[in-house]
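In each ligand, atom 1 is the first atom listed, and ligand 1 is the first ligand listed.
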Amino acid sequence: MNFEVKKQILEKIKEYDRIMIFRHIRNDGDCVGATKGLKRILQLSFPEKEIYLIDKDTAQYLEFMGPEDPEVPEELYKDALGIVVDTASEARISNKNYKLCKELIKIDHHIPLETYGDLQWVEEDRAAACEMIVDFYNTFKGELKIDSEAATHLYTGLVTDSGRFKYDGVSGDTLRNAAILLDVGVDTELLFARLYLEAFEYLKFKAYIYEKMQVTENGVAYIYVDKEMQEKFNLTLEQASACVGTLDSIRGCICWMVFIDNNDAEGTIRVRLRSRFVHINPIAEKYHGGGHACACGATVYSEEEMRSLLRDADALVKEYKDTHEDWL
Ligand code: AMP
């Protein structure tokens with residue numbers, strides 16, 4: 001699929017001596033895995049090229065994936081090819097020096113919010129951006145090389161963005177691409193331990209969430225992790241945000257979300273929205289965000305706006321339940 005654009009991307013890569021790889025702010029397993037995996041594949045395949053992945057955004061739970069490259073002088077961006085992975089809009093590109101690159105390629109699996117760059121390869125049906133990088137490797141495997149380091153990065157993104165191969169976006173291709181990586185070599189026991197073991201204290205926080213969670217009339221489960229709760233459990237913003245999965249298995253609650261007080265001067269509240277069956281991206285887009293049909297992010301600027309978002313989500317869920325069967 002999309003052979004022509006992939007071929008054009010490979011030609012561009014061959015044309016440039018220097019390649020800069022970019023990803024989105026508030027990084028996650030997929031954007032880190034896809035950028036690190038791509039970098040490693042390109043390094044192995046074109047050892048004479050300079051490949052940089054420069055990003056200061058870090059996530060504690062992904063530290064095991066290793067550090068990024070140190071910043072380089074702006075001059076070096078100017079004759080480079082930029083490749084932005086897993087990022088729907090320019091505003092979400094983490095390293096703003098992407099603007100300096102001579103040419104820019106977008107490789108993404110989000111619902112497109114806007115077009116940017118000189119060349120775009122977007123497949124919103126892919127379970128993860130990592131899947132697209134594996135597909136890219138596999139399409140040109142006569143010319144590209146992979147090893148177990150690259151495979152582990154890419155597998156990390158596949159596992160995390162697909163909810164361990166559970167979400168709706170998982171297709172036969174997802175599993176075929178995962179199989180390619182396992183054949184190369186991934187220590188899955190170590191990887192799953194790194195990703196999913198939780199600290200004793202964090203489980204106490206989760207227990208508190210189960211105690212405090214709320215549900216709207218038509219089945220939107222939610223929790224507001226306000227400043228007080230963050231202090232009570234001594235949580236970083238990253239830890240506070242990570243609890244969205246806690247609400248994912250309540251029968252009848254086909255949409256769930258967490259609100260996280262960002263503790264900034266503007267009083268912004270981050271929203272992480274998730275759903276099954278019903279598509280909730282229109283809600284995220286209405287509230288300054290976006291993402292995927294069933295997993296998206298947004299920002300609200302007051303508790304009043306938070307309540308307004310909840311009302312909209314509740315109405316959407318009601319409408320869905322009234323007009324569909326086979327949800328639970
Ligand atoms: P999160 O809850 O932050 O993990 O976001 C879920 C998905 O939505 C991820 O794929 C994000 O890249 C995407 N996303 C989160 N926030 C935004 C936003 N403000 N605009 C567009 N996409 C977003």
Side-chain angles (χ1 to χ4, degrees), residues 22-35 55 57-62 84-95 106-116 122-133 156-164 166-170 174 195 209 220-225 236-248 255-262 264 266 268-276 278-301 305-306 309 312-313:
F22 303 94
R23 62 188 180 215
H24 63 75
I25 51 169
R26 280 194 186 134
N27 58 26
D28 57 20
D30 191 29
C31 78
V32 176
T35 49
D55 196 305
D57 224 6
T58 54
Q60 211 182 1
Y61 78 106
L62 298 172
V84 187
V85 186
D86 196 33
T87 312
S89 55
E90 281 193 82
R92 286 179 52 80
I93 304 175
S94 173
N95 177 350
K106 174 187 187 185
I107 300 178
D108 189 28
H109 75 129
H110 290 95
I111 296 166
L113 295 174
E114 65 182 35
T115 305
Y116 66 83
V122 178
E123 290 188 24
E124 55 182 282
D125 291 339
R126 294 283 189 178
C130 281
E131 196 189 319
M132 298 176 73
I133 304 298
T156 304
L158 270 185
V159 166
T160 52
D161 242 37
S162 70
R164 305 184 220 185
K166 182 177 86 170
Y167 299 150
D168 194 30
V170 173
T174 315
L195 285 173
I209 290 179
V220 178
Y222 67 97
I223 180 100
Y224 177 29
V225 187
T236 62
L237 281 180
E238 185 189 328
Q239 288 167 331
S241 310
C243 69
V244 63
T246 319
L247 305 177
D248 71 356
C255 173
W256 58 100
M257 56 187 76
V258 289
F259 297 88
I260 307 107
D261 191 332
N262 277 326
D264 55 17
E266 300 80 44
T268 65
I269 300 170
R270 177 182 178 189
V271 196
R272 303 189 78 195
L273 306 92
R274 300 291 185 267
S275 64
R276 58 181 173 271
V278 61
H279 292 179
I280 36 111
N281 57 295
I283 305 281
E285 285 164 28
K286 180 171 173 190
Y287 292 89
H288 328 283
H292 304 289
C294 295
C296 29
T299 305
V300 291
Y301 292 83
E305 205 181 6
M306 178 167 92
L309 188 154
D312 286 343

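Distance CG/D108 to NE2/H24: 8.5 Å, rounded to 0.5 Å.
Residues D312 and K286 are paired through a salt bridge, judged by an N-O separation under 4.0 Å between the basic side chain and the carboxylate. We find that D55 and R23 are joined by a salt bridge, their nearest charged nitrogen and carboxylate oxygen being less than 4.0 Å apart. With respect to the salt-bridge test (charged N to carboxylate O, under 4.0 angstrom), the residues R126 and D86 do not qualify.
Between V122 and K106 the shortest side-chain heavy-atom distance falls below 4.5 Å.
Contacts of ligand 1 (protein heavy-atom distance under 4.0 Å) are H24, R92, H110, L113, R270, R272, R274, H288, G289, G290, G291, H292, A295, C296, G297.
With no hydrogens or angles considered, no side-chain donor-acceptor pair links H109 and D125 at under 3.5 Å.
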